[in-house]
> 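Sharing a structure here in structure tokens format.
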Amino acid sequence: MLRSPSARGSRSKVSPYRIRQVDGQDEEIADILAELHRLTFFDGAQVPSFDWGGWWLAYFKETPIAFAGVVPSTHVRNAGYICRVGVLTGHCGHGLQLRLMRAIETLSRRSGWSYLVSDTTRNIASANNFIRAGYRLYQPQYPWAFSDTLYWRKTIRPDPSPHGTHSKRL
């Protein structure tokens, strides 16, 4: 059974769910992330390396029930790549994917990235969540996944002007 790595006392909140950034290099955390990956992606995706990038866990009370990760994009300049978002079936419908994506966006802005990118393949629920979160479909110059993959991009911080402090005129 999955348990929270910290044994904090329960707090009364409106939502029984909470999201925390975690250290994917910690063995116990990496084991929890791997188990959640197996339970949400089954054999549909390779288990990623949790020792780089940013990782989050969502908890129901003290039990981990969802996770997300972002790594530097290898395909888009100045961007993070949302490499995983997984929510256990019994906890879908509570806005957890959106909350995890917002947590990723916050860290990504602080990291100085201008964009976040991701992809979905045969996953309507995730595609709809990307739309709800303000992501737009786009076609990368060099697609990195399957022929039926949808590619998503969101500007999270405008690129600085290449002309210093001069404003652009319309």
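Below, all heavy atoms of this structure are taken into account, side chains as well, without hydrogens, waters or symmetry copies.
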> Can you hop from Tyr81 to Met101 via hydrophobic side chains spaced under 4.5 Å?
no
> Got Phe50 and Ile29 here, is their nearest side-chain heavy-atom distance under 4.5 Å?
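In short, these two side chains do not touch, never coming nearer than 4.5 Å.
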> Can you tell me how far the CG atom of Asp119 sits from the CG atom of Leu150, to the nearest 0.5 Å?
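Taking CG in Asp119 and CG in Leu150, the distance rounds to 9.0 Å.
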> Could you check if a side-chain atom of Arg18 sits within less than 4.5 angstrom of a side-chain atom of Glu62, using non-hydrogen atoms only?
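When only atoms from C-beta onward are counted, Glu62 and Arg18 do touch, with a gap below 4.5 Å.
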> Do Val71 and Val47 share a hydrophobic cluster, counting only Ile, Leu, Val, Met, Phe, Trp and Tyr and linking them when any side-chain heavy atoms are less than 4.5 Å apart?
no
> If you measure from CD on Glu27 to CG on Asp51, what distance do you get to the nearest 0.5 Å?
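Reported value, rounded in 0.5 Å steps: 11.0 Å.
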> So does Arg157 get a backbone contact from the side chain of Ser114, meaning a donor-acceptor N/O pair under 3.5 Å?
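Confirmed, Ser114 side chain pairs with Arg157 backbone.
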> Asn129 versus Val85: any side-chain heavy-atom pair under 4.5 Å?
no
> Can you classify the ring geometry of Phe41 versus Phe67 as parallel (below 30°), tilted (30 to 60°) or perpendicular (above 60°)?
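The rings of Phe41 and Phe67 stand perpendicular, inter-plane angle above 60°.
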> Check the angle between the aromatic planes of Trp144 and Tyr138 and answer parallel, tilted or perpendicular using the 30° and 60° thresholds.
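The rings of Trp144 and Tyr138 sit tilted, inter-plane angle from 30° to 60°.
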> Give, for atom OG1 of Thr120 and atom OH of Tyr151, the distance between the pair rounded to the nearest 0.5 Å.
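Going from the OG1 atom of Thr120 to the OH atom of Tyr151 covers 10.0 Å.
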> Quick one: CD on Gln97 to NE2 on His91, what's the gap to the nearest 0.5 Å?
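Separation between the atoms: 15.5 Å.
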> Answer whether the closest heavy-atom distance between the side chains of Ser126 and Trp152 falls below 4.5 Å.
no
> Would you call Leu57 and Leu36 a side-chain contact if the rule is heavy atoms closer than 4.5 Å?
yes
> Nearest 0.5 Å, what's the CG-CZ distance between Asn123 and Phe130?
9.0 Å
> Is a side-chain donor or acceptor of Tyr135 paired with a backbone partner of Leu116 at a separation under 3.5 angstrom?
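No: the side chain of Tyr135 does not pair with the backbone of Leu116.
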> Taking the six-membered ring for Trp, are His94 and Phe60 closer than 6.0 Å centroid to centroid?
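Between Phe60 and His94, which both carry aromatic rings, the centre distance is not below 6.0 Å.
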> Within the supplied structure, the quantity of interest is the number of heavy atoms (other residues, nucleotides, ligands) at a distance under 6.0 Å from Arg109 CZ; does it exceed 12?
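More than 12 within 6.0 Å, yes.
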> Is there a side-chain contact between Arg102 and Thr106, using heavy atoms and a 4.5 Å cut-off?
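No; the side chains remain at least 4.5 Å from each other.
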> Does Ser111 reach the main-chain N or O of Trp113 with its side chain, forming a donor-acceptor pair under 3.5 Å?
no
> Is there a chain of hydrophobic side chains (I, L, V, M, F, W, Y, each step under 4.5 Å between heavy atoms) that links Leu96 to Leu107?
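As far as the 4.5 Å side-chain criterion goes, Leu107 and Leu96 are not connected within one cluster.
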> Within a strict 4.5 Å, meaning less than it, do heavy atoms of the Val87 and Thr40 side chains meet?
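No, their side chains stay 4.5 Å or more apart.
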> CZ/Arg38 to CG/Asp43 distance, rounded to the nearest 0.5 angstrom?
10.5 Å
> Quick one: does any side-chain atom of Ser73 pair with a main-chain N or O of Val76 as donor and acceptor, under 3.5 Å?
yes
